[in-house]
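Here is the naming used below: chain letters follow the sequence lines, and residue numbers restart at 1 for every chain.
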Amino acid sequence: MRKTKDSAAGDSLPIYPLVTITVLTKRADFLAANKGLRNARPGFVLLTRPNRGQGKRFGITVTKKVGNAVVRNRMKRRFRELLRDALPEEGMADTDHVLIGRSGGITRDYHRMRGELSHALKAASEGKGDRPRPQRKPRK
RNA sequence: CCAGGGGGCCGGGCAGCCGCGUUCCUUCGACAGGCUCAGGAUGAGCGGGUCGGAGGUGCGAGGAAAGUCCGGGCUCCACGAAACAAGGGUGGCGGGUAACGCCCGCCGGGUGAGGCUUUCGGGCCGAAGCUCAGGGAAAGUGCCACAGAGAGUAUACCGCCGAUGGCCCCUAAAGGGCACAGGCAAGGGUGAAAGGGUGCGGCAAGAGCGCACCGGGGGACUGGUGACAGGACCCGCAUGGCAAACCCCACCCGGAGCAAGACCAAAUAGGGGUCUCGCGCUGAAAAGCAGGAGUGUUUCGCUCCGAGAGACCCGGGUUGGUUGCUAGAGCGCAGGGAGCAAUCCCUCGCCCAGAUGAAUGGCUGCCGCCGCCGAUAGGUCCUUUUCGAAGGAUACCGUGGGUGGACACAGAACCCGGCUUACAGGCCCCCUGGCACC
RNA sequence: GCUGCUGUAGCUCAGUGGUAGAGCGCACCCUUGGUAAGGGUGAGGUCGAGAGUUCAAUUCUCUCCAGCAGCA
C-alpha cells in the first residue's frame, strides 16, 4: 500500500530521469530467468528474459563451486560494476538481466570483459543466443 | 657475527576520477495526522512523523571475521522443596577470571648438550629449552591376541644337578656310572611384557639363601598454604600393564538457541486453551473415598481431569516488513599503584561496521619488498705519483638508473572470553651454544 | 547463521582393540555350436587425513578435511 504511494510520488517528479534499475531478490525470478536467452562468454553467462513491464532489472549468481566467500564477493562486485556501466545505455527495457559467474570472471581483464558484455547484450537484443537449458534434474 | 630455540607485534602506504552502505546536518518534494488564528466553503501560520531526491560531514571487515571445539552475556521454554538416580564433562597443586577444557606460577615424570663413575655390560647426576588427558591399578570386575613350557593363584620345553634315596660296576676301602625318584631356575629359546639389577660368597646344581652397592616398599619426624621434597629407622623384596575398558573418588552442568524472541500487515482452517452451566460413590452440606493424568524418580505434597452444551481467544498452512542490532566483562605503546607472572585497582582520554540476493569496489599513478643488468657521486683495494692527484679493479656497503617479479590466508551476520586450523612478507625482544674483540 | 549425521573394494553396505569381509560388478577357466544362466579360480583397500593412548588402532580420544540432511 505504502509502496504504491511511493511509486506514484516518483512518477510525479519529472525532474529526475527515470532509469531506475532494480535488483532481483527473489529466487523465483532467478529460476524464471533460466528460461530466457543464454549468451556465454569466457568470464560469465548472460541470461536475458522479458519481464512484462517490471522495468530494467538485473541479478547476479555466483555458485559455491567458483571459490570461497572472498572470491565470490569480489566477482559480484566486478559484475555490479560492469552492469552499472553497461545497463543504462545498452540494457533492454522491461527485461531481467542475470549474470552467472564463471571461473574466468575473477582474473580476466576488466575492459576486455566490458567489451564482451556489450557484445553479449547486443546479441541478446537481436534475439540471438542459445536455447534455454533443459530442465535440470533435481539433484541433491 | 653465526647456528638452534622461544615469545610479542604488523600484515601494504599515499594520491586522482567514477561508485556503495550508514550516522548527523541543510534543503526540496510527496503523504497522513496535530496545534494556533480567521472563518460560510475554506485559507494562513507553527511544529514534528514516514518515504524519496540533492548537497555536505563523520565512519565503514579480521588476526584469524574461518572451524563451530569449549566458556559466558542475552532471549524464550520448563521450574514447590529436599534427597537420590541417570546422562555428560573436568582431573597434580596454588593463583587469575564473569566463566572455562583457557591463562600464569610452582611440583612431579619424559627428552636432553654435557658431567661423574665403572668390573667397559652399564649405572648415576643433569643447564637452557621442549613436552605430558599428570586423580585412583594392595575397592572390585574385565582384557593382555599370536608365539611360548609358563601371561598373573606364575611356569619347566631345551637345560643344570642328581648332594640325599634307588639301581649297576669295581671293591679291602676310596671311587665310578645311570638319570629312576627328586631338586633348581643360572643359561638358551618365545614374547610388547617372564615376578628387582650387578658383583662376591655359597651350593650337588642353584636361588635375597647370605653379604656389598644400586633400585624398591613402609615410614616417626622436619620444611612447605599445597602438589611435594628431605628423611632417622624398619622390611630381603610381598601384589606387571591397560582406567582415551567398565568402574571408584572429588568437583561442575535444566533445555534450546537471534532462523531465540517481540510487534505490524496480509492470509484462512476446524486442532488447542479460558470462562459459565453440568459432572463417579457416601453424604443435607462441609468433606471423605476410589480412578486417571502431570511435576525426570522417590518421599512429603500440590495441581488438573471426568459428560456434553454455549461464549470468547489462540494455534495449523502461506508469506512480507519493523524490531532485537550494537557503548561493551569496550578500546588506549596515556599516567600511577599491587603482583615473579597471568591479572587486578585508580585516574585520564577515545567511540571503533551494523549490511540483509547481503555495503569496502572499478580504473590509474607514485612509493615500499625481492632478483638481475650497466659500472655513475661516495666508500674499499691495486698501480703510478710532480704528494695536488691520476688511472684501473670491484658490486661487499651506500647513492642513482634500467629491467623483471612477488604482495599471502582470507569477508562481520546478536555480542564477548578462549582454543584450534590457514597464512606471502616484515619488525622487535629473550635464552642456549660457538667464534672474534675489549 | 545455527544444529545434527555419515566417510570401509568400482557400487551398496557389514564388522570388531589382534589376519578386513558379504552381495553385485570385473578378469580368467569350465560348461555351450555361440550367448545368458550355473560352477570354479583370482585381482582389486594409505578403512577420509594427521596426531595421541596402547605391546598392538579400521575400532578408543583429539584436531582437521570432504559430503549429506534439518531449522524462520
Applying the 5.5 Å / 30° rule, does A:Phe30 stack onto the base of B:G357? yes
Please give the distance between the C1' atoms of C:C47 and C:A22 as a whole number of Å. 16 Å
Under a 3.5 Å cut-off for both contacts, is B:G400 paired Watson-Crick or G-U wobble with anything, and if yes, with which nucleotide? none
Side-chain donor/acceptor contact of A:Arg74 with base of B:G362 under 3.5 Å: no
Assigned chi class of B:G33 under the 90° convention is syn
B:U347 versus B:C17 - spacing of their C1' atoms, nearest Å: 49 Å
When you check the glycosidic angle of B:G95, does it come out syn, meaning within 90° of 0, or anti? anti
Pick the C1' atom in B:A137 and in B:C247, then give their distance to the nearest Å. 12 Å
Need one value for A:Val70: base, sugar-phosphate or nothing, where a base atom within 4.0 Å counts as base even if backbone is also close, heavy atoms only. base
Considering residues at least two apart in sequence or located in another chain, which fulfil the side chain to side chain contact (heavy atoms under 4.5 Å, CB included) criterion with A:Ser125? A:Met92
Please give the nucleotide sitting opposite B:A311 as a Watson-Crick or G-U wobble pair, both distances under 3.5 Å, or none. B:U274
Nearest-nucleotide 5' precedence on RNA chain B, A:Asn68 against A:Arg108: A:Arg108
Shared hydrophobic cluster, A:Val45 / A:Leu99 (ILVMFWY, side-chain heavy atoms < 4.5 Å): no
Using modelled atom types and a 3.5 Å cut-off, is there a donor and acceptor pairing between side-chain atoms of A:Lys56 and backbone atoms of A:Thr95? no
Expressed as a whole number of angstroms, how long is the span from A:Ile60:CD1 to B:C20:C1'? 13 Å
Across all strands shown, which nucleotide pairs with B:A78 by Watson-Crick or G-U wobble geometry, both distances under 3.5 Å? none
B:A66 pairs with, by Watson-Crick or G-U criteria that keep both distances under 3.5 Å: B:U420
Who pairs with B:A181 - Watson-Crick or G-U, where each distance is under 3.5 Å: B:U164
What integer distance in Å separates A:Phe44:CZ from B:G362:P? 17 Å
How far, in whole Å, is C:A57 from B:A245 if one measures between their P atoms? 13 Å
According to the salt bridge (Lys or Arg N to Asp or Glu O under 4.0 Å) rule, which pairs have a member within residues 95-118 of chain A, sequence neighbours left out? A:Arg57-A:Asp96, A:Asp85-A:Arg114, A:Glu90-A:Arg114, A:Arg108-A:Glu116
What nucleic acid atoms does A:Arg72 come within less than 4.0 Å of, heavy atoms only: base, sugar-phosphate, or nothing? nothing
Give a yes/no on whether any side-chain N or O of A:Arg114 is located under 4.0 angstrom from OP1 or OP2 of B:C363. no
Rounding to an integer number of Å, can you tell me how far A:Arg77 CZ sits from B:A410 C1'? 12 Å
Check the pair A:Leu37 / A:Arg49 against side-chain contact (heavy atoms from CB on, under 4.5 Å), numbers first and verdict last. CA-CA 7 Å; A:Leu37 286 175; A:Arg49 185 166 192 265; over 6 Å; no
What's the gap between B:C258 and B:C246 when it is taken at their C1' atoms, as a whole Å value? 43 Å
Separation of the P atoms in B:A156 and B:A232, to the nearest angstrom: 43 Å
If two hydrophobic side chains count as joined below 4.5 Å and joins carry through other members, does A:Val70 share a cluster with A:Tyr110? no
Base paired to B:G91 (Watson-Crick or G-U; both N/O distances under 3.5 angstrom): B:C249
In whole angstroms, how far is the P atom of B:C18 from the OH atom of A:Tyr110? 15 Å
List in chain and number order the residues that pass salt bridge (Lys or Arg N to Asp or Glu O under 4.0 Å) with A:Glu89, two or more places apart in sequence or in another chain; answer none if no residue qualifies. none
Across the strands shown, which category fits A:Leu82 at heavy-atom distances under 4.0 angstrom: base, sugar-phosphate, nothing? nothing
Let me check something: do A:Leu46 and A:Leu24 share a hydrophobic cluster, defined by ILVMFWY side-chain heavy atoms less than 4.5 Å apart, either directly or through other members? no
Quote, to the nearest angstrom, the C1' distance that separates B:A149 from C:A14. 40 Å
For B:U432, give its Watson-Crick or G-U wobble partner with both distances under 3.5 Å, or none. B:A3
Could you tell me how far apart A:Asp96 (CG) and B:G357 (P) are, to the nearest whole angstrom? 17 Å
Atom NZ of A:Lys76 to atom C1' of B:G362: distance rounded to whole Å? 17 Å
Taken to the nearest 0.5 Å, the spacing of A:Met75 CE from A:Leu82 CG works out to 11.5 Å
Stepwise side-chain contact (heavy atoms from CB on, under 4.5 Å) test for A:Arg41 and A:His119: CA-CA 9 Å; A:Arg41 292 294 182 273; A:His119 281 98; 4.1 Å; yes
Using the 3.5 Å cut-off, write out each protein N or O paired with an N or O of nucleotides 1-3 of chain C and the distance between them.
none

Walk me through it: do A:Phe30 and A:Leu47 pass the test side-chain contact (heavy atoms from CB on, under 4.5 Å)? CA-CA 10 Å; A:Phe30 284 87; A:Leu47 302 178; over 6 Å; no
Any side-chain hydrogen bond (donor to acceptor under 3.5 Å, both in side chains) pairs touching residues 67-82 of chain A, not counting sequence neighbours? A:Glu81-A:Arg84
According to the Watson-Crick and G-U wobble definitions, with both distances under 3.5 Å, which nucleotide is paired to B:A99? none
When the distance from CG of A:Asn73 to P of B:U356 is rounded to whole Å, what number comes out? 14 Å
Testing A:Val98, A:Leu83, A:Val23, A:Ile100 one by one against A:Ile60 for a side-chain contact (heavy atoms from CB on, under 4.5 Å), which residue passes? A:Leu83
Gap in Å between the two P atoms, one belonging to C:C68 and one to C:C11, rounded: 16 Å
Chi class for C:A49: syn within 90° of 0, otherwise anti: anti
The answer to which of A:Leu24 and A:His111 contacts RNA chain B further toward the 5' end, by nearest nucleotide, is A:Leu24
Syn or anti: how is B:G374 classified when any glycosidic angle within 90° of 0 counts as syn? syn
Under 4.0 Å: is that the gap between some side-chain N or O of A:Arg80 and OP1 or OP2 of B:A359? yes
Identify the stems formed by RNA chain C, where each pair is Watson-Crick or G-U wobble with both distances under 3.5 angstrom and a stem is at least 3 consecutive pairs. C:1-7 with C:65-71, C:10-13 with C:21-24, C:26-30 with C:38-42, C:48-52 with C:60-64
Judged by whether its glycosidic angle lies within 90° of 0, B:C17 is anti
Can you tell me the distance, in whole Å, between the CG atom of A:Leu99 and the P atom of B:G362? 16 Å
If you check the A:Glu81 side chain, which of B:G411, B:G357, B:G362 turns out closest? B:G362
